[in-house]
Amino acid sequence: LPSHKSIPSTRPEITFSSISSSLFTPSPSSVPDITFSASTTSTSGTRISMSTISVTPMVTPTSRIPVVIVMTLNATALLITWSPVSEASGYEIYISEDRNELSKGKRQSNERIISIIGGQVTSHVISDLKAFTSYSVTVASVDQEGNVGPRSTAIEMLTGEAAPGPPRNVTWVFIGNNELNVSWLPPEFPNGIITSYVVT
């Protein structure tokens, strides 16, 4: 940036050119202050007063989290692990059953957002999920001003199997002196791959 630049009071704005690109991708501790000064001068051109204010530009986290790992712990829980982002003061985890919409960055009614405080935290367990259900997970960094960076690439993971729900619409019909025909529909929530039924 130039060391100083004068502008007329009738046009209170300024555009700087030839700015190094590194200004927009620093860590928060290295963001330079920009100083604005207002002054008045006499008719002879002598400066008679001056006030100064320094402003620190806000830095939005621009780094996409490069590595996100999702592991199935059991039928209702997933372990999310990610690589840290240097400028982050926290993270947001987005989890949804709808991968197509989540990967497009759209928030769905069934999407959960989990806020993680602490830039050094790199894992979290999400529980209370549905058994044997495919979930899509993305993670984004959050800076100290609350600005959210871009989401990571969506990862899809299936929760574990659990005990199935009861069969539906169980009916029986006598078809002979010693024969009974029993029929039913699969459970509403199979919670896994059903391999057999037990009739007693």
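Since this is a predicted model, take the numbers as computed values, not measurements.
In Leu185, the CG atom is crowded: over 12 heavy atoms of neighbouring residues, nucleotides or ligands sit closer than 6.0 Å.
Contact check for Met71 versus Thr81: no side-chain heavy atoms found under the 4.5 Å cut-off. Side-chain contact between Thr138 and Trp82: absent, with no pair of heavy atoms (C-beta onward) separated by less than 4.5 Å. Counting heavy atoms from C-beta on, the side chains of Val173 and Leu180 never come closer than 4.5 Å. With contacts defined as side-chain heavy-atom distances shorter than 4.5 Å, the pair Tyr94/Val139 does not qualify. In this structure the side chain of Ile95 reaches within 4.5 angstrom of the side chain of Leu78, judged on heavy atoms. Here the side chains of Asp128 and Thr76 are not in contact, with every heavy-atom distance at 4.5 Å or above. Considering only heavy atoms from C-beta on, Asn181 stays 4.5 Å or farther from Glu179 through its side chain. Between Ile193 and Phe132 there is a side-chain heavy-atom pair separated by less than 4.5 Å.
Val170 and Tyr197 fall within the same hydrophobic cluster, where Ile, Leu, Val, Met, Phe, Trp and Tyr residues are linked whenever their side-chain heavy atoms come under 4.5 Å apart, directly or through other members. Val199 is connected to Phe174 through a chain of hydrophobic side-chain contacts under 4.5 Å among Ile, Leu, Val, Met, Phe, Trp and Tyr, so both are in one cluster. Under a hydrophobic-cluster definition in which Ile, Leu, Val, Met, Phe, Trp and Tyr are linked whenever side-chain heavy atoms come within less than 4.5 Å, directly or via other members, Ile113 and Val148 are assigned to the same cluster. By the rule that hydrophobic residues join a cluster once side-chain heavy atoms approach within less than 4.5 Å of another member, Phe189 and Leu129 end up as members of separate clusters. Criterion: ILVMFWY side-chain heavy atoms under 4.5 Å apart, direct or through other members. Under it, Val85 and Val67 are not part of a common hydrophobic cluster.
Judged by distance alone, with hydrogens and angles left aside, the side-chain atoms of Thr72 form a donor-acceptor pair with the main-chain N or O of Leu158 at under 3.5 Å. Side-chain atoms of Tyr135 come within 3.5 Å of backbone atoms of Lys130 as a donor-acceptor pair (strictly under, hydrogens ignored). Side chain of Thr159 to backbone of Thr133: a donor-acceptor contact under 3.5 angstrom is found.
The CD1 atom of Ile116 sits 8.5 Å away from atom OG of Ser123, with the distance rounded to the nearest 0.5 Å. Between Arg64 atom CZ and Thr153 atom OG1 the span is 6.0 Å, to the nearest 0.5 Å.
Using modelled atom types and a 3.5 Å distance limit, the side chains of Asn110 and Ser96 yield a donor-acceptor pair. In this structure, a donor-acceptor pair under 3.5 Å is present between the side chains of Ser134 and Glu156. Side-chain N/O atoms of Ser183 and Thr171 include a donor and acceptor closer than 3.5 Å.
Between Ser83 and Ile65, the shortest heavy-atom distance links the atoms O-CG2, 3.5 Å. Closest approach of Ile194 to Pro164, counting heavy atoms only: CD1-CB, 4.3 Å. Considering all non-hydrogen atoms of both residues, Asn191 and Ala131 come closest at OD1-CB, 3.9 Å. In terms of heavy-atom proximity, Ser141 sits nearest to Ser63 at OG-O, 3.9 Å. What you find for Arg168 and Pro186 is that their closest heavy atoms are NE-O, 2.6 Å. Pairing each heavy atom of Ala75 with each of Glu161, the nearest pair is CB-O, 3.5 Å.
Note on Glu111 versus Arg151: salt bridge recorded, some NZ/NE/NH1/NH2 to OD/OE distance being below 4.0 Å.
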Show your reasoning for whether side chain to side chain contact (heavy atoms under 4.5 Å, CB included) applies to Ile126 and Ile114. CA-CA 9 Å; Ile126 302 178; Ile114 299 101; 3.9 Å; yes
For Ile93 and Arg112, run side chain to side chain contact (heavy atoms under 4.5 Å, CB included): C-alpha distance rounded to whole Å, both residues' side-chain angles, the deciding distance at 0.1 Å, then the answer. CA-CA 8 Å; Ile93 301 174; Arg112 292 170 57 182; over 6 Å; no
Give the intermediate values and the outcome of side chain to side chain contact (heavy atoms under 4.5 Å, CB included) for residues Leu79 and Val70. CA-CA 6 Å; Leu79 171 63; Val70 183; over 6 Å; no
